[in-house]
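Heads up: the structure comes next, in structure tokens.
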Amino acid sequence: MSSVPATALDKEELRRTIAEVIDVKPAEVGDERRFVEDLGVDSLMALEVAVVLEKRYRVKLRQADLKHLLCLRMVFDLMRDKLGQGQP
Amino acid sequence: MTAAASPVRAEVAVVRPASPNGSAITSATRFVIAPDEQSFTGHYPGLPLFPGVCVVECAHRSSLATMPGAGAMRLAAVKTARFRTPVFPGDELTVQIDWSTEPAGWMCDAGIRNGRGEVARAALRYRNGPAAEPPVRSAPWPHTPPAASTRITPAEIQRLMPHRYPMLLVDQVTAIVPGDRIVAVKAISYTDIWYGRPPVDATAEQLAFPTVLLVESWLQAAGLLTTWDRPNPDPLAGEVMLLGGLTNIRFHHPVLPGDVVEHRVRLLRAHTDAMVFEGESLVGDTVTMTVERVSMALRPPESVIALAAVASAA
């Protein structure tokens, strides 16, 4: 898997990445759609999402970070923090 | 031509050969998983579950039986597989395939159902051309742990894991760093049960070790990494290890009798009841299989026994 430089956090790419891991179409991953309740993600897929995010974005996710992986918007915010890209 | 060796005895019944269906090409098959499947004896005693890799084998055999177009195709990769619920003795499986073309081959997108719903999905990539790709040489594994001071043999392996003959597919653990990585080996023999009694003129293709069992063997090495610190020899008394998903498992080179396969597994992340692994398998310094990602779950036996009761009542 290729990783992306820290300068480029693209929400659409993040959407596609997550959709692939949780086995749904990217269009189904709405910004606020909850992975577990709305998209049927189980604990195993959630763990895989964490693994893929770590590899692709070269970040380290702590156990405490995982409870922020509830929907795309929250993942995006978390990754932006991890990559040190605050609001412009 | 005699078919290649397979861990699944059930015959594939073609329900619909590959044919246009709207703008798509689809096909369909059916299997009856009889209680005398070889794998049930050892997977597991007292709790027979059809191995997840055997569900993939059903998708693979369906592909070979209904492949559109001509020409020999080989399984190049399991792009993805997701396992939703176990398959039990007596289940009837239907396999629905959507075909799409790929450079030099086909992609098979298979949905596998039993009488109660979807059990798994698998996307398999096929390529035409030679059985082996140009050899991939393994770089020294950055994660190679120190060699175990004593070899871990099948008796010890069976004190850690519930897998039994003929589904115990790891012969030795040669190195381990608990909670992190493991190296285990499986020697392939002409007298392996999976070959049955091969004809004297069996081709290399017929003697290739079944691809899905190579995956299963690697998975068992991963399982040993998990059970090292919490032995789980009896699923009825402990936990049931279930396959969750396979992502991008690529097959570079067939494995033949006489080969000693070395599995290298690294634990990427673990939670209480779930874990994710990566790794590869080699023969000598030639890579035969690469594993991008595998997930496994531990479930309480009561939940699986409840599903089995529903299955046998049906």
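Labels below follow one simple rule: chain letters A, B, ... track the order of the sequence lines, proteins then strands, and each chain is numbered from 1.
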Q.
Within the structure provided, determine whether B:F277 and B:R266 are in side-chain contact (heavy-atom separation under 4.5 Å).
A. no
Using a 3.5 Å distance criterion without hydrogens, assess whether the side chain of B:W218 forms a donor-acceptor pair with backbone atoms of B:R264. yes
- Are B:T272 and B:L298 side-chain neighbours, meaning at least one heavy-atom pair lies under 4.5 Å? no
Interatomic distance, CG@B:L268 vs CE@B:M275, rounded to 0.5 Å, equals 12.5 Å
Among residues 14-28 of chain A, those lying within the under-4.5 Å heavy-atom range of chain B are A:V21, A:D23
Of A:M45, A:E54, A:E48, the largest count of non-hydrogen pairs under 4.5 angstrom with chain B goes to A:E48
Next on the checklist: Strictly below 4.0 Å, N to O, side chains only: are B:E292 and A:K55 in salt-bridge contact?
Outcome noted: no
Under 4.0 Å between a side-chain nitrogen and a carboxylate oxygen: does that hold for B:K79 and B:D109?
no
Between the CD atom in A:E12 and the CZ atom in A:F76, the distance rounded to the nearest 0.5 Å is 9.5 Å
Side-chain donor-acceptor distances from residues 49-63 of chain B under 3.5 Å, at least two apart:
| residue | atom | partner | partner atom | Å |
| --- | --- | --- | --- | --- |
| B:E57 | OE2 | B:S6 | OG | 2.7 |
| B:H60 | ND1 | B:Y126 | OH | 2.7 |
| B:R61 | NH1 | B:S6 | OG | 2.9 |
| B:R61 | NH1 | B:V8 | O | 3.0 |
| B:R61 | NH2 | B:A10 | O | 2.6 |
| B:S62 | OG | B:T29 | OG1 | 2.7 |
| B:S62 | OG | B:C58 | O | 2.7 |
| B:S63 | OG | B:A59 | O | 3.0 |
| B:S63 | OG | B:Y126 | OH | 3.4 |

Filtered by a 4.5 Å non-hydrogen cutoff, the part of residues 59-71 of chain A contacting chain B is A:L61, A:R62, A:Q63, A:L66
By salt bridge (Lys or Arg N to Asp or Glu O under 4.0 Å), A:E32 pairs with (sequence neighbours left out) A:R73
If one checks every heavy atom of B:R269 against chain A at 4.5 Å, the contacting part turns out to be both
Next item on the list: For the pair B:N114 and B:F88, evaluate side-chain contact (heavy atoms from CB on, under 4.5 Å) and give the outcome as yes or no after the intermediate values.
Entry: CA-CA 9 Å; B:N114 61 11; B:F88 298 99; 5.8 Å; no
If one checks every heavy atom of B:D273 against chain A at 4.5 Å, the contacting part turns out to be side chain
Note, B:L224 side chain near B:M161 side chain (heavy atom, < 4.5 Å):
yes
Whatever's closer than 4.5 Å to a heavy atom in chain A on B:T247 counts as side chain
Honestly, the part of A:A46 sitting under 4.5 Å from a heavy atom of chain B is neither
Note to self: When you compare the side chain of A:L53 with that of A:M79, does any pair of heavy atoms fall below 4.5 Å?
What the structure shows: yes
